[in-house]
S.K.: 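Please read through the structure below; I'll follow up with questions.
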Amino acid sequence: MDHFPRFVALVDDSKKRTTEISIADVRARMDRGERLELVDVREDSEWAAGRIRGARHIGRGVLERDIEKAIPDPNAEIILYCGGGYRSALAADSLRKMGYARVLSMAGGWREWQAASGPTDR
């Protein structure tokens, strides 16, 4: 997907303050049976079409409003993902500003997860 320059600049700025995690690292942690706070920040229609197994949905539009109820511990490690890693980087930066200290953005997002044949739910 092609993105407009100002959007890409905004994401690039957010990524300066955001730690990314690879799909391989997320899968390895899942394979070890680790309990992950895996949050899908995509739109409702994207979530309905398919998602990473075990993820919960808190759309990007309501994330800041709803995160404290869903994950009240600001020290919890949270892995965010979206379609390709752009919205999750913006969301991770936003949660960091809210005091969440251990937020990661999954590089490549849902599209690369599917390409890597990661486990999914529908």
S.K.: What's the shortest heavy-atom distance between Ala89 and Ser14, and which atoms?
M.R.: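 Taking Ala89 first and Ser14 second, the nearest heavy atoms are O-CB, 3.9 Å.
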S.K.: Measure the spacing between CD1 of Ile78 and CZ of Arg56 and express it to the nearest 0.5 Å.
M.R.: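 It is 8.5 Å, given to the nearest 0.5 Å.
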S.K.: For the hydrophobic clusters of this structure (ILVMFWY residues joined by side-chain heavy atoms under 4.5 Å, transitively), does one cluster hold both Leu38 and Ile21?
M.R.: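 Yes, same cluster.
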S.K.: Output every pair passing ring-ring contact (aromatic ring centres under 6.0 Å, His included) with a member in residues 28-49, not counting sequence neighbours, ordered by first then second residue.
M.R.: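 Pairs touching residues 28-49 that pass the test: Trp47-His57.
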S.K.: Report the C-alpha distance between Ile79 and Val39 in whole Å, list the side-chain angles of each, state the deciding distance to 0.1 Å, and finish with yes or no for side-chain contact (heavy atoms from CB on, under 4.5 Å).
M.R.: CA-CA 6 Å; Ile79 301 170; Val39 178; over 6 Å; no
S.K.: What is the distance from atom CG of Leu95 to atom CG of Leu80, rounded to the nearest 0.5 Å?
M.R.: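 Answer rounded to 0.5 Å: 5.5 Å.
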S.K.: Which value, rounded to the nearest 0.5 Å, describes the distance between Leu104 atom CG and Thr19 atom OG1?
M.R.: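 The OG1 atom of Thr19 is 6.0 Å from CG of Leu104, to the nearest 0.5 Å.
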S.K.: Establish whether Leu90 and Leu63 are linked, either directly or via other cluster members, by ILVMFWY side-chain heavy-atom contacts under 4.5 Å.
M.R.: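 Shared cluster, no.
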S.K.: Can Glu46 and Arg51 be counted as an ion pair, charged N to O under 4.0 angstrom?
M.R.: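 No.
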S.K.: Just how far is it from atom CZ of Arg35 to atom CD of Glu77, taken to the nearest 0.5 Å?
M.R.: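 Rounded to the nearest 0.5 Å, the CZ-CD separation comes out at 11.5 Å.
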S.K.: A quick test of your reading: do over 12 heavy atoms of other residues, nucleotides or ligands sit less than 6.0 Å from CZ of Arg32?
M.R.: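 Counting other residues, nucleotides and ligands, CZ of Arg32 exceeds 12 neighbours.
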S.K.: For the side chain of Tyr81 and the backbone of Ala107, is there at least one donor-acceptor N/O pair under 3.5 Å apart?
M.R.: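 It does not hold such a pair.
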S.K.: If I compare all heavy atoms of Ala91 with all of Val41, which pair ends up nearest, and what's the gap?
M.R.: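 That closest heavy-atom pairing would be CB-CG1, 4.3 Å.
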S.K.: For Ser88 versus Cys82, what's the shortest heavy-atom pair and its separation?
M.R.: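 The pair with the smallest heavy-atom distance is N-SG, 3.3 Å.
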S.K.: May I ask you to check whether over 12 heavy atoms, not counting those of Glu68, lie within 6.0 Å of atom CD?
M.R.: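 Open: at most 12 neighbouring heavy atoms sit under 6.0 Å from CD of Glu68.
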S.K.: Distance from Asp73 atom CG to Glu37 atom CD, nearest 0.5 Å?
M.R.: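 Output value for this atom pair is 9.0 Å.
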S.K.: How far does CE of Met106 sit from CD of Glu20, to the nearest 0.5 angstrom?
M.R.: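 Those atoms lie 10.5 Å apart.
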S.K.: Please test Trp110 against Asp40 for side-chain contact (heavy atoms from CB on, under 4.5 Å), starting from the C-alpha separation and ending with a verdict.
M.R.: CA-CA 9 Å; Trp110 172 248; Asp40 184 323; 5.7 Å; no
S.K.: As a quick check of understanding, evaluate side-chain contact (heavy atoms from CB on, under 4.5 Å) for Thr18 and Arg96, giving each step before the final call.
M.R.: CA-CA 8 Å; Thr18 300; Arg96 183 194 58 77; 5.9 Å; no
S.K.: Do Trp113 side-chain atoms and Pro119 backbone N/O form a donor-acceptor pair below 3.5 Å?
M.R.: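 Answer holds: yes.
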S.K.: Can a salt bridge be assigned to the pair Arg17 and Asp93 using a cut-off of 4.0 Å between side-chain N and carboxylate O?
M.R.: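 Looking at Asp93 together with Arg17, the answer is yes, because their closest N to O distance falls below 4.0 Å.
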S.K.: Return yes if some donor-acceptor pair links the side-chain N/O of Arg42 with the main-chain N/O of Ile58 below 3.5 Å, else return no.
M.R.: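 Not at all, since once roles are kept as given, no pair shorter than 3.5 Å links the two residues.
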S.K.: Are Met98 and Leu10 connected, step by step, through hydrophobic side chains (Ile, Leu, Val, Met, Phe, Trp, Tyr) whose heavy atoms are closer than 4.5 Å?
M.R.: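 Hydrophobic grouping puts Met98 apart from Leu10.
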S.K.: Using 4.0 Å as the upper bound for N to carboxylate O, is an ion pair formed by Glu64 and Lys97?
M.R.: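 A salt bridge is absent here (no side-chain N lies under 4.0 Å from a carboxylate O).
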S.K.: For the side chain of Arg102 and the backbone of Asn75, is there at least one donor-acceptor N/O pair under 3.5 Å apart?
M.R.: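 Indeed, once roles are kept as given, a pair shorter than 3.5 Å links the two residues.
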S.K.: List the residues meeting side chain to side chain contact (heavy atoms under 4.5 Å, CB included) with Asp12, not counting sequence neighbours, and say none if there are none.
M.R.: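 Asp12 satisfies side chain to side chain contact (heavy atoms under 4.5 Å, CB included) with Val8 once adjacent residues are dropped.
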